[in-house]
Amino acid sequence: MSTKHASTEEAYRLMHEGMIALSEVEANGIRIDTKYLKKTRKKLQNERRQLLEEMREDDIYKVWRRRYGAKTNLGAGEQLANILFVEMGMGKTKLNLRTMKLKRDSDTLSKIDHPFVRKWQRAEKLRKCDSTFLGGIQNETCGDGLLHPVFNLHIPITYRSSSDSPNFQNFPVRDPEIGKLVRESFISRKNHQLVEVDYGAVEVRVAACYNEDPALIEYIKDPTKDMHRDMAAQCFMLKPKQVSKHARYSGKNMFVFPQFYGDFYAQNAFAMWNYIEEAKICVEGTEKSLYKHLKKQGIKKLGKCDPESQPVKGTFEHHIQQVERDFWGRRFKVYAKWKDRWWREYQKKGWAESFTGFRFSGVYRRNEIINYPIQGAAFHCLLWSLIELQKELRRRKMKTVIVGQIHDSIIADVHKDELEDYLALAKEISTKQIRKVWKWIIVPLEVEAEVSPLGGSWHDKKEYDLESLGA
DNA sequence: CAACAAAGCGCG
DNA sequence: AAAGCGCGCTTTGTTG
């Protein structure tokens, strides 16, 4: 391997300075709309109460009541599973043989077509939103309206960070409705606006630094190429032009990323099939569902997706197996070789080391020892940038404060007169300066920015064109 | 009553 | 051969 690695001393220094920088972030705090919290929690609780009332009118509730009597609890998933799967024999689920409990996660329940189950799922979603997120924020917000989430560097075995009290790193965003409800709680200080700067595909870029796969590097360097679109096209047997936004999303999050993290075809096929069935994904520019399109291409069924049995020809599972074979055997074969080499080296030495000088020693599984140094080093790019950005804000006596960090993004409360300076600075540090210090970064880095309007909330953030900043 | 484990789910 | 990973938080249900 190259000599471009950081030393253990440098790794220590990064942790030391990182912890100091993050403690400043923590001290800064993020402003909370406490009135909005109160109002919204009440609203959620009312809607949930309404749903529970309606559920008590359903015949399923009668069965529930007969089975559980005074112990009946409409919030207990275990009870629900027993009612649906044992008492009423609706649908199928799996039994955990160790604990003898029935599975009742949202994928399982979604397959049961009944209004009672829909209401139950909705009620649970509202409860999680209310108690974990809004409640968590409310309980930790100080009298001055500032929230000070804690950031840790000494906990994750990957050498990433974690956050608690409350966890600032898992506020909803994928579900638009819940994301809005929660993120409207976060507002800017007076004359400030919330700004989120995040690295684009930093894990993939850092992975490319380790494996030096020419095909992967080409995808990163050539802006006209799009790996996720291409993989979606291959998975769904489309031309690249026929790949819709949703199809690309599926290719990215249900094939490419899981594959990079060591998942395997059966799980990918299962997830993608469910997604196109439920979300009714179409061939781009037409009304034709992907489901139908695949049927026309000779793929009529999903397949068993059981790791024990070989996939049957003509199933989606079999097709995705072929795509996987092509992915590692042809497209990214240098990456595949690197993974084998990395694993063998680790088995020989008993440890592996990240580019950033952090050592992973102890017992790891194959996927872990391959992923952690990538995941860790990707976060260290963010941490390094945060440290330097913080230093520069202080040096320039700026009013802008960094208020949070989410693995590959930095959230700041930026003074209205400092917006352009801040964005230019953040971009310069995190894409240019870092590469002068860490020579192991052999591919370009990119950042994207989202800015919320003055007086707006974290939810109101809009894409900001960094190109418009000029040199 | 407190302490704990398990399940589930939010994010990257 | 194996078949993603890491976190934090809440609720339920059990145990002592």
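Excluded from the calculations below are hydrogen atoms, water molecules and symmetry mates; all remaining heavy atoms, backbone and side chain alike, are included. Here is the naming used below: chain letters follow the sequence lines, and residue numbers restart at 1 for every chain. Just so it is clear, the structure is predicted and the values come from calculations on it, not from any experiment.
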Subject >> Test item: Pro156(A) and Phe379(A) side chains (from C-beta on) under 4.5 Å apart, heavy atoms >> reply: no

Original post:
Are side-chain heavy atoms of Gln79(A) and Asn73(A) found at a separation under 4.5 Å?
Top reply: yes

**OP:** Verify the contact: side-chain N or O of Arg174(A) to OP1 or OP2 of dG12(B), cut-off strictly under 4.0 Å; return yes or no.
**Re:** yes

Using the side-chain heavy atoms of [X], tell me which of these nucleotides is nearest: [options].
{"X": "Asn167(A)", "options": "dG10(B), dG8(B), dG13(C)", "result": "dG10(B)"}
{"X": "Arg98(A)", "options": "dG12(B), dC7(C), dA7(B)", "result": "dA7(B)"}
{"X": "Glu368(A)", "options": "dC9(B), dG6(C), dG8(C)", "result": "dG6(C)"}
{"X": "Asp164(A)", "options": "dC9(C), dC5(C), dA3(C)", "result": "dC9(C)"}
{"X": "Pro172(A)", "options": "dC7(C), dC11(B), dG12(B)", "result": "dC11(B)"}

Indicate, with a heavy-atom threshold strictly under 4.0 Å, whether [X] touches base, sugar-phosphate, or nothing.
{"X": "Tyr372(A)", "value": "sugar-phosphate"}
{"X": "Ile157(A)", "value": "sugar-phosphate"}
{"X": "Ser161(A)", "value": "nothing"}
{"X": "Ser106(A)", "value": "sugar-phosphate"}
{"X": "Asp105(A)", "value": "sugar-phosphate"}

Please check if the distance between the ring centroids of [X] and [Y] is under 6.0 Å.
{"X": "Trp438(A)", "Y": "Phe355(A)", "result": "no"}
{"X": "Tyr335(A)", "Y": "Phe260(A)", "result": "yes"}
{"X": "Trp342(A)", "Y": "Phe360(A)", "result": "no"}

**OP:** Tell me the partner of dA1(C), counting only Watson-Crick (N1-N3 plus N6-O4 or O6-N4) or G-U wobble (N1-O2 and O6-N3) with both under 3.5 Å; none if nothing fits.
**Re:** none

**OP:** Using Watson-Crick or G-U wobble geometry with both distances below 3.5 Å, tell me the partner of dC4(B), or none.
**Re:** dG13(C)

Original post:
Counting only non-hydrogen atoms, which of residues 108-138 of chain A are less than 4.0 Å from DNA chain B?
Top reply: Lys128(A), Phe133(A)

Subject >> Candidates Phe257(A), Tyr249(A), Phe255(A), Tyr219(A) - the one meeting ring pair (Phe, Tyr, Trp, His ring centres under 6.0 Å) with His228(A) >> reply: Phe257(A)

Original post:
Could one point to a donor on the side chain of Asn170(A) or the base of dG10(B) with an acceptor on the other under 3.5 Å away?
Top reply: yes

**OP:** I would like to know whether Glu124(A) and Arg127(A) meet salt bridge (Lys or Arg N to Asp or Glu O under 4.0 Å); could you show each step before the answer?
**Re:** CA-CA 5 Å; Glu124(A) 282 302 289; Arg127(A) 175 159 71 160; 3.0 Å; yes

